[in-house]
Amino acid sequence: MLTAYINAALKRARYETLEDGLVYAEVPDLKGVWAEGKTIEECRSELVEVIEGWLFLKLRDRDPIPVLEGIELTAKTPADAS
């Protein structure tokens with residue numbers, strides 16, 4: 001499920017080459033998620049790590065996570081486990 005969500009987020013990523021030659025990417029649907037790298041591949045790889053970390057923090061803190069491509073991620077509470 002996390003992999004599908006990350007892939008959905010990557011489809012929404014916007015890339016641009018900065019004046020200094022670095023590649024910058026952001027996912028507008030995920031506030032604060034951005035990365036940069038020397039190449040688009042390096043930037044995309046960094047973006048995957050940033051998305052993963054962002055998701056783990058959102059789940060840990062039980063913060064809302066936007067639904068992407070019908071994928072809804074929510075943290076279970078201890079009461080949900082029973």
Side-chain angles (χ1 to χ4, degrees):
M1 181 83 66
L2 284 176
T3 301
Y5 191 92
I6 292 168
N7 287 332
L10 289 173
K11 289 179 187 176
R12 290 171 160 67
R14 295 185 185 157
Y15 295 85
E16 70 178 272
T17 302
L18 303 176
E19 289 182 19
D20 61 3
L22 290 175
V23 178
Y24 170 85
E26 65 181 3
V27 181
D29 296 316
L30 309 181
K31 186 177 179 181
V33 171
W34 63 274
E36 60 184 27
K38 294 178 184 174
T39 65
I40 195 162
E41 293 85 7
E42 185 179 296
C43 183
R44 186 177 190 280
S45 177
E46 180 68 23
L47 189 59
V48 168
E49 290 184 33
V50 171
I51 294 168
E52 287 174 348
W54 184 88
L55 283 171
F56 287 125
L57 289 174
K58 291 290 185 182
L59 290 167
R60 180 197 71 189
D61 296 341
R62 298 188 185 344
D63 289 340
I65 299 171
V67 175
L68 299 181
E69 294 186 6
I71 303 167
E72 185 174 354
L73 298 179
T74 56
K76 292 187 177 188
T77 62
D80 294 336
S82 6

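Bear in mind the structure is a predicted one, so any value in this text is a computation, not a measurement.
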**OP:** Tell me who clusters with Trp34, hydrophobic residues only, linked when side chains sit under 4.5 Å apart either directly or through other members.
**Re:** Leu18, Leu22, Tyr24

**OP:** Kindly give the heavy-atom pair with the smallest separation between Leu59 and Ala75, and that separation in Å.
**Re:** O-CB, 3.3 Å

Original post:
Restricting to pairs with a member in residues 34-45, which pass salt bridge (Lys or Arg N to Asp or Glu O under 4.0 Å), not counting sequence neighbours?
Top reply: none

**OP:** Would you mind listing every salt bridge (Lys or Arg N to Asp or Glu O under 4.0 Å) that reaches into residues 20-30, with sequence neighbours excluded?
**Re:** Arg12-Asp29

Original post:
Can you list the residues that meet the side chain to side chain contact (heavy atoms under 4.5 Å, CB included) rule with Ile40, with sequence neighbours excluded?
Top reply: Tyr15, Val23

Original post:
What is the distance from atom CG of Leu47 to atom CD1 of Ile6, rounded to the nearest 0.5 Å?
Top reply: 10.0 Å

Subject >> Cluster check Val67, Leu2: I/L/V/M/F/W/Y, side chain < 4.5 angstrom >> reply: no

Subject >> Candidate pair Ile51 and Leu10, rule side-chain contact (heavy atoms from CB on, under 4.5 Å), full reasoning >> reply: CA-CA 9 Å; Ile51 294 168; Leu10 289 173; 4.0 Å; yes

**OP:** Identify which one of Leu73, Asp63, Thr74 satisfies the side chain to side chain contact (heavy atoms under 4.5 Å, CB included) criterion when paired with Lys58.
**Re:** Asp63

Original post:
Which residues satisfy the salt bridge (charged side-chain N to carboxylate O under 4.0 Å, His left out) test with Lys11, sequence neighbours excluded?
Top reply: Glu69

Subject >> Minimum heavy-atom distance Ala35-Cys43, with the two atoms named >> reply: O-SG, 3.6 Å

Original post:
What residues join Leu57 in its hydrophobic cluster, counting side-chain heavy atom gaps under 4.5 Å, either direct or through other members?
Top reply: none

